[in-house]
Amino acid sequence: MSESFYRENAKKAIADDKLQAAINLIQDRFGTGLLNLWKEKPEMDELRNRVKAAKDKNLKNLDILLAKLADSVEARGGHVFFAETAEEARLYTIELAKRRHVKMVVKGKSMLSAEIKIDQALADAGIEHWETDLGEYLVQLDKDIPSHIIAPAVHMNREHIGDLLAKRIGTPLSYDPPALTLAARKALRRKFLKADMGITGCNIAVAETGQVSLVSNEGNIRMTGTMPPIHVALMGMERVVANMQEHKDMLQLLTLGAAMQKISTYVSFNGGPVAEGCPDGPQEFHLIIIDNGRSKILADETFSEILSCIRCGACLNVCPVYGKIGGHSYNRATYSGPIGAVIEPLFNGINAQADLCKGETLCGACLKVCPVKNNIPRMLLALREKLAYGDEKWDVEQQNPLEELAFRGVGEAMVSPRLWHTGEKVVRSIMKKKPHQNDMVTAMSGPGRAWTDDRDLPPIAEKSFARLWKEKLQNRPLPAEKKEDNSGKDEGEEK
Amino acid sequence: MAERTAFLKKIAIATGQDGETLRDPADFPAIFASEDQDALAAKTHRRSHEELLQLASLFEDVAKTLNLTCYRAASFKKAQKIIVKILKETEPEFSSEKIVMVHDHPDLVALNLPEVLQKKKITSYSTARGEKDIRARSEKALAGITAPELAMAAGAAIVQRDLPGQPRSTSLLPSIHIALLRLENIVADYDEFYARLGKYSEEAMVFISGPSKTADIEAVLVHGAHGPRALHCIILDEVE
Ligand code: SF4
């Protein structure tokens, strides 16, 4: 992916007033809302720290937790498959679908399913598949991809959606959200009732009980895990907690982080085929535990913290960069915003996704809002460092050797006054010849252009501070030295 | 099994072990240890009527913000009347007839619904074991009626367990959901709620806190996405 792709899309997004308004609305409601909540309820801090500590413990013992989870799910009669790669996960799912003569699949919102590109595999196998989260359904009909973790269709306005539904599923033309929702309710209900397989993600898996728990407000995920005879749950390997007490804590952070809810409308727990004597629920349950690059992150102390992410999407809702450029500008990657800026490079190549981590501003809002306090700015800097100098372990090619050279040059100059002053003179004379306005340089050429394209540059002062110092102040008469003893005062103030 | 071993070994190595032998969960009980919840659960059973009424009020306050409609009934008779009224006022969505699915629960049996509803031209079916066509009937149903045995006031959430005679779909497929909740089944907050869940958490179950909803179109809140478009909760405070 070239740098221009990110920039091109970002520019388009910034010029799109409707998109800006839509993102603003979500950011104001959820992002600002959550920041305020953390401020107003400092006692929540304890909960956040507790969840982070549990996540930490669980990541360090992930082998044990996953073994226990698999045993518990199997004890309930479910099947467990461990997939090291996306391809293994796809193959397992498709083979299962073929074996069971699955013709139609309904999907309950799962980022991981997009990450492992299951849709293409289903399509290639000739299996009809439908997203059932309203936003994702609209995005699918539009042959597009989601642009927000919890608001997948935030980039679509009601006119666009009304036209789309009229054209694709033949509903009477309307731009009224309730009418449009009702149309989708009808269309998708038929699919829920007809589907042979339901594919969901997994928000939190509980090792001890062997339960996969899923949250939703629409009820589509309950439908997906209840109506079709086969339920396949895709789970990122880090998404496991030890017991229900940890579940209780994490659930609260997840629903608060995602949409400021005390609890989501539905929190379902499934971990096996339907129990004996129960009339509905799947006959078969498969849990696919997926690595797909996560163990490499786990092994690296610099980045393992990112596996504590609960995918609430809160960081998107405070990020000034996401707020301006929207989700699609992040190279149309599965994950966007601050969380995407860290994990996409780690998953798909730091060079290939360099723009994602370089585009963020390091303002620190994501760290403040993140329910589990993931230090995203720190990790963004670490990624940039790898780009600046290259890195073997992550297979990073130094992005701009000239830049390193230039900074080495500046470094040399900084310790040699002669070199420094010569450089200063050269730059000053170049700047003088450039167009000025209000005492600012408005257009530079060469590498300076990247700066003046978007903003003006103050010129280097006629006389540097060092020079002024020498001329005027160095030999000034000094006031008679006062005898001051501050130490006693300081001591007096210390309590 | 081979793929499981290879997978777990890779993780073991990533966490700094040598990856030669896999650790057995049974050797690490501390990782799964949780605090004993029995005392807290017991406390919730000892509440006075007064305290329970306070919890019911809290439940109702939160419910209001979630578009969950609450009622109070001092007797089964009263609860029955409320249900009839709701059913009379709700238009069927998935069929021209009014069909009601009723969980197999003693409190719901006590409502004597089949007889009362029949007079109003509403057909009620039990979901008890052995009943036929539960799914086909549920697909057409106007309402599903359940009797949750636990609820959390702080989130206005009720629990539905996966039990024989109490299918999941009763609170999912019908156009609306009606829950008959005994006052004494309400607990205060997350801590009490999970303490009381106890063994339930080994079954499939779902927490429900309002009608199904979405805000995916221009952040406009719409009730009735894929699940029931209304949830009515009747709090039964039986005064004998
Ligand atoms: S990084 Fe934090 S705020 Fe962002 S999605 Fe993950 S948990 Fe939520």
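Reminder, nothing fancy here: chain letters follow the sequence lines and each chain counts from 1.
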For B:Ala204 against A:Asn270, the heavy-atom pair lying closest together: CB-ND2, 4.4 Å
Heavy-atom check, side chain of A:Tyr266 versus side chain of B:Ser212, under 4.5 Å: yes
Nearest atoms (heavy-atom pairs only) where A:Lys57 meets B:Ile31: NZ-O, 2.9 Å
Any donor-acceptor N/O pair, B:Tyr190 side chain to A:Lys262 backbone, under 3.5 Å: yes
Proximal component of B:Ala33, with respect to chain A [non-hydrogen, under 4.5 Å]: backbone
For the student: nearest non-hydrogen atoms of A:Thr265 and B:Pro211, plus distance: CG2-O, 3.4 Å
Side chain to side chain contact (heavy atoms under 4.5 Å, CB included) between B:Ile11 and A:Leu66, worked out: CA-CA 10 Å; B:Ile11 293 178; A:Leu66 290 178; 3.5 Å; yes
Side chain proximity check, B:Phe32 to A:Ile64, heavy atoms < 4.5 angstrom: yes
Side-chain H-bond candidate by donor/acceptor type, A:Arg222 with B:Ser171, under 3.5 Å: yes
CE on A:Met227 to CG on B:Leu172, rounded to 0.5 Å: 7.0 Å
Among A:Gly271, A:Ala184, A:Ala259, A:Gly135, residue most engaged with chain B (heavy-atom pairs, under 4.5 Å): A:Gly135
B:Thr15 side chain reached by A:Leu59 side chain, heavy atoms, under 4.5 Å: no
For chain A, the option from B:Lys9, B:Arg129, B:Gln160 that forms the most heavy-atom pairs under 4.5 Å: B:Arg129
Contact class of B:Val222 relative to chain A, heavy atoms under 4.5 angstrom: side chain
Side chain B:Arg168, main chain A:Gly225, donor-acceptor under 3.5 Å: yes
Evaluation steps, side chain to side chain contact (heavy atoms under 4.5 Å, CB included), between B:Phe7 and A:Ile289: CA-CA 10 Å; B:Phe7 189 105; A:Ile289 301 173; 4.1 Å; yes
Side chain to side chain, B:Lys10 and A:Asp63, heavy atoms closer than 4.5 Å: no
Proximal component of B:Asp27, with respect to chain A [non-hydrogen, under 4.5 Å]: neither
Between A:Lys296, A:Met223, A:Lys186, the one whose heavy-atom pairs under 4.5 Å with chain B are most numerous: A:Met223
Heavy-atom pair of closest approach, residues B:Gly227 and A:Arg185: O-NH1, 2.5 Å
Flag, side chain of B:Ser209 to backbone of A:Ser264, donor-acceptor distance under 3.5 Å: yes
Neighbourhood of chain A inside residues 34-41 of chain B, taking heavy atoms under 4.5 Å as contact: B:Ser34, B:Glu35, B:Gln37
For chain B, the option from A:Glu301, A:Met237, A:Glu88 that forms the most heavy-atom pairs under 4.5 Å: A:Met237
Option in B:Arg135, B:His223, B:Glu131 with maximal non-hydrogen atom pairs under 4.5 Å from chain A: B:Arg135
Most chain B-contacting option - heavy-atom pairs closer than 4.5 Å, from A:Ile26, A:Val212, A:Leu65, A:Asn58: A:Leu65
Best-contacting candidate, A:Ile297, A:Asn243, A:Thr209, A:Val80, against chain B by heavy atom pairs under 4.5 angstrom: A:Asn243
Proximity breakdown for B:Ala157 and chain A, heavy-atom pairs closer than 4.5 Å: side chain
From B:Arg161 atom CZ to A:Phe269 atom CZ, the distance as rounded to the nearest 0.5 Å: 13.5 Å
Among the listed options A:Met244, A:Gln261, A:Arg158, the residue most often paired with chain B at heavy-atom distances under 4.5 Å: A:Arg158
Trace of the salt bridge (Lys or Arg N to Asp or Glu O under 4.0 Å) decision for B:Arg4 with A:Asp71: CA-CA 11 Å; B:Arg4 165 173 165 161; A:Asp71 290 345; 2.9 Å; yes
Reference residue B:Tyr194; test side chain to side chain donor-acceptor pair (under 3.5 Å); the match among A:Gln245, A:Lys248, A:His247: A:His247
Short side-chain donor-acceptor distance under 3.5 Å, A:Glu218 and B:Thr214: yes
Minimum heavy-atom distance between A:Cys278 and B:Leu163, given as atom pair plus value: SG-C, 3.5 Å
Residues B:Leu173, A:Arg189; criterion side chain to side chain contact (heavy atoms under 4.5 Å, CB included); working and verdict: CA-CA 9 Å; B:Leu173 281 177; A:Arg189 186 174 171 96; 4.2 Å; yes
Least distance between heavy atoms, B:Ala225 atom then A:Thr181 atom: CA-CG2, 4.4 Å
Validation row: A:Phe82, B:Leu8 side chains within 4.5 angstrom (heavy atoms): yes
Chain A contacts, top residue of B:Pro228, B:Ser169, B:Ala12 (heavy-atom pairs, under 4.5 Å): B:Ser169
Aromatic ring pairing B:His226/A:Phe192, orientation class (parallel under 30°, perpendicular over 60°, tilted between): perpendicular
Evaluation steps, side chain to side chain contact (heavy atoms under 4.5 Å, CB included), between B:Asp162 and A:Val274: CA-CA 8 Å; B:Asp162 216 19; A:Val274 64; 4.1 Å; yes
Residue-level interface, residues 89-103 of chain B with chain A, non-hydrogen cut-off under 4.5 Å: B:Glu93, B:Phe94
